[in-house]
S.K.: 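Please find one structure pasted underneath; my questions will follow.
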Amino acid sequence: MYRLEDLNLVQQEAVRHKDGPLLILAGAGSGKTRVLTYRIAHLIAQGIEPWEILAITFTNKAAQEMRERVGFLVGSEGRGLWISTFHSACVRILRREIDNLPGYTRDFVIYDSSDQQTIIKTCLKECNLDEKKFQVRAVGAVISDAKNKLLDCDNFEQQAADYFQRQIAKVYRAYQKRLKNSNALDFDDLIMLAVLVFRQNPEILGRYQKRFHYILIDEYQDTNYAQYSLVKLLASQYRNLCVVGDDDQSVYGWRGADVKNILDFERDYPEAKVLKLEQNYRSTQTILEAANCVVSNNEKRKEKLLWTKNPKGQPLVFYVADDERDEAKYVTERIQFLHNSGRPYNDFAVLYRTNAQSRVLEERLMKEGIPYRIFSGHKFYERMEIKDVLAYLRLLSNPADKVNFARILNVPKRGLGGTSLARVMEYAEEQNMPVLEVVSEADYIPDLRPKARKSVLAFALLMQGLKEFADKEMSVTTIVEEILDRTGYRNLLIADDSPESQARLENLAEFLSVASEYDLKAQSRQDEDEFGMGFIPGLSGFLEHVALVAETDQIDQQEAAVVLMTMHSVKGLEFPVVFIVGMEEGIFPGTRSQLEPELIEEERRLCYVALTRAREKVYLCYAGQRMLYGRRQYNLRSRFLEEIPYNLLEEKDPSGEPPGRQYRKPKFMELRSRVSAPGVHVSAFGSPARKLGTPLVENAQEEFLVGEKILHDKFGQGIIMGVTGKGRQVVLTINFQGQLKQIATEYVNLTKLKTKESD
DNA sequence: CCGATTTCCGCACAG
DNA sequence: CGGAAATCGG
């Protein structure tokens, strides 16, 4: 049972509000999940049937948590409730309705981003495009972007303005054709096609509109245009739409999220009720004040001020490190110290801007024997061995799957390389047959060398055997075991006793346990209604499950380990003690953001997110020099540091006076003298606190500073945006009227122009 | 066709 | 610097 008295007044209002649009602006740590779950419980208590409620979150983790908490509040009353991510909701819709779109059938498969890359690569070749000029990643991003804006091939082609775009339009078309050919959808298709089905079939839309009387969307600030449109369509009949979000925590602009969706909610729904949750239950006053001060530097935001009844707490600690190793050493020492005084290891999180920064920290923690859990890098389902097994499974469930066929034809090694693969694929295309079927006809495939032919036939036999086995076997675990055995995959790994193979075997074991978990769940849920959790027992259900749930590396908050992760992935979590490392211009904010005020604002929101994860204590670290990408960088302090009032910060500087004194105005002189190595000349410059982002560089003849104007023989006038390298090998990033260029000073003649802001 | 060597290039990331 | 892809040589 739930009790409204457990909530504060605004929260209660949000829960009680029944009909009509509702916008809840929920600051960090203001109990928004609690409001959402109570609201669902309350609706059910008011007599709304659970199947009339649709709740959408962004991550599986959030959906999972919400399901658990609602289950706790309403028990079995919740049967039939839809709580899912955008993507799994769309899959469920498409499984029933996609037959209405030409060329697709309801047994479609879902391709992940690496499958997507593979296809794009072939499409680029097909269109005779130079992979240098049209990079797979970039083209993929453009296509994804288009889909997030609901532009299909035709729309995209129409609005293509230049040569580049027109070429990409061709690739987009080819790419989409290939997907259709394999009856596959990529992640972006899931949303786009769901919208398309609704747009083209009003009667289907009507059915879903009627079904979902009450719609709740979490993290609304992270929605892109396609998701926004989907929600709008579904909610347009009853307008009982409740969205929750925080514009200050919008940090996914780079993947299509549009803050405007939340900022313009009141324009879309003029009758909307707007509530602000501003009481924070998580952090100390000091931490909140610091976070508020930082984020209030943003222009485009809804004004709100978080407050708390929590104690004032301790000041944030600012540590000036010599370099990244010193930084890691400091973090490790602090953790060890605090641990010795009674804190468990899972009280700590270390946050960084880029994954590349994690290595040093990891090394140090390992050296000191502190248990840690790293949440970054390539994900579980993207590891080679897992992808290989998955490829077998997918091929068994969809014999037309060319991408996965190509992946495993020669895995493990069967002496079938690119040439043989091409011949087989070619033949399949000619005969218009599923790839997995043509291998049995290897005798008819032209131009195959006898050796390859024999190998292909052996492969055909192997797959045939596996297929027969898989068709009558319900347990995914057993199928996986059989694949590992019959292909010899496992034995090869056992035979090779390198540590990598060891790790691979462990990952496969992990995968097997995921499979058996699924088998168990599928067994117990078989009788549940179709709108329950959407479980399909057997192989195809499992494949869908892993495609949509890519989070095996889940952070187990119970595990007694320090957590290392990026500031992006920490969103939605909280820790008693938070370390933020790399508080440097060029790192955070990153070089690419420094030009664009809009991007700076997004970085600043990221800083806000990071700070507000902490319950009690925040440590901020800055390193005067840092090795990154094999180059030594000298960065100035992050501007975000300067945005935190001095009275909230306590500076620890090992090279300076004894610790404990107050942070002072930015100490440019000290910074400079500490950075400069012996024999290196550094000119004096006195910059105001505002003008930041000015790395210093050692250079015997001449030195360049960020912000300076220069004249280039060829490109003309420009402004220095970044400096890396040292001595003779200085590389400058220069902005020539908006064009960014990398210039090595060694080879080019640059003339310095007088900077007008010489203060 | 395979393994070794060189070259290239770098944010963030859920589904 | 380090991982992935391209290229080389057997």
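Protein chains get the first letters and strands the later ones, always in sequence-line order, with residue 1 at the start of each.
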S.K.: Determine the sole option in Leu539(A), Ile110(A), Val389(A), Asp115(A) for which the side chain to side chain contact (heavy atoms under 4.5 Å, CB included) test with Arg394(A) is passed.
M.R.: Asp115(A)
S.K.: Would you tell me whether Gln221(A) and Gln249(A) have side-chain atoms, one donor and one acceptor, within less than 3.5 Å of each other?
M.R.: no
S.K.: Nearest nucleotide by nearest heavy atom, which residue falls closer to the 5' end of DNA chain B, Leu421(A) or Phe58(A)?
M.R.: Leu421(A)
S.K.: For the side chain to side chain contact (heavy atoms under 4.5 Å, CB included) test, which of Leu234(A), Asn224(A), Asn261(A), Leu150(A) pairs with Ser229(A)?
M.R.: Leu150(A)
S.K.: Nearest to the side chain of Ser420(A) - dC11(B), dC1(B), dG15(B)?
M.R.: dC1(B)
S.K.: Can you tell which of dC11(B), dG15(B), dC13(B) lies closest to the side chain of Arg353(A)?
M.R.: dC11(B)
S.K.: Do the side chain of Glu324(A) and the main chain of Met627(A) share a donor and acceptor less than 3.5 angstrom apart?
M.R.: yes
S.K.: What's the CG-P distance between Leu190(A) and dA14(B), to the nearest Å?
M.R.: 16 Å
S.K.: Side chain of Thr85(A), heavy atoms from C-beta onward: which of dG15(B), dC1(B), dC11(B) has the nearest atom to it?
M.R.: dG15(B)
S.K.: Could you measure the distance from the CG atom of Asp388(A) to the CZ atom of Phe511(A)? Nearest 0.5 Å is fine.
M.R.: 11.0 Å
S.K.: Which atoms of nucleotides 2-9 of chain B (N or O only) lie under 3.5 Å from a protein N or O atom, and what are those distances?
M.R.:
from, atom 1, to, atom 2, distance (Å)
dC2(B), OP1, Gly415(A), N, 3.2
dC2(B), OP2, Asn410(A), ND2, 3.3

S.K.: Where the side chain of Arg359(A) is defined as all heavy atoms beyond and including C-beta, which of dA12(B), dG2(C), dG15(B) is the nearest nucleotide?
M.R.: dG2(C)
S.K.: Does the distance from a Lys or Arg side-chain N to an Asp or Glu carboxylate O, for Glu426(A) and Arg423(A), drop under 4.0 Å?
M.R.: no
S.K.: Check each residue of residues 598-610 of chain A for a non-hydrogen atom within less than 4.0 Å of any atom in DNA chain B, then write out the ones that pass by number, or none.
M.R.: none
S.K.: Can you tell me if the side-chain N/O atoms of Ser113(A) get under 4.0 Å from OP1 or OP2 in dG15(B)?
M.R.: no
S.K.: Any side-chain N or O of Ser569(A) under 4.0 Å from OP1/OP2 of dA14(B)?
M.R.: no
S.K.: Before accepting this row, confirm whether a basic side-chain N of the pair Asp107(A)/Arg95(A) lies closer than 4.0 Å to the acidic partner's carboxylate O.
M.R.: no
S.K.: Picking from dC11(B), dG15(B), dC13(B), which would you name as closest to the side chain of Arg592(A)?
M.R.: dC11(B)
S.K.: Give the rounded distance in Å between these two atoms: CG of Asp189(A) and P of dA14(B).
M.R.: 20 Å
S.K.: Given dC11(B), is OP1 or OP2 found less than 4.0 Å from the side-chain N or O atoms of Asn355(A)?
M.R.: no
S.K.: Looking only at atom types and distance, does a side-chain atom of Arg325(A) sit under 3.5 Å from a main-chain N or O of Arg626(A), one as donor and one as acceptor?
M.R.: no
S.K.: OP1 or OP2 of dC11(B) sitting under 4.0 Å from any side-chain N/O of Thr591(A)?
M.R.: no
S.K.: Return the value, rounded to whole Å, for the distance between atom CG of Asp218(A) and atom P of dA14(B).
M.R.: 16 Å
S.K.: Test your reading of the model: is there a side-chain donor-acceptor pair from Asn410(A) to the backbone of Arg414(A), 3.5 Å cut-off?
M.R.: yes
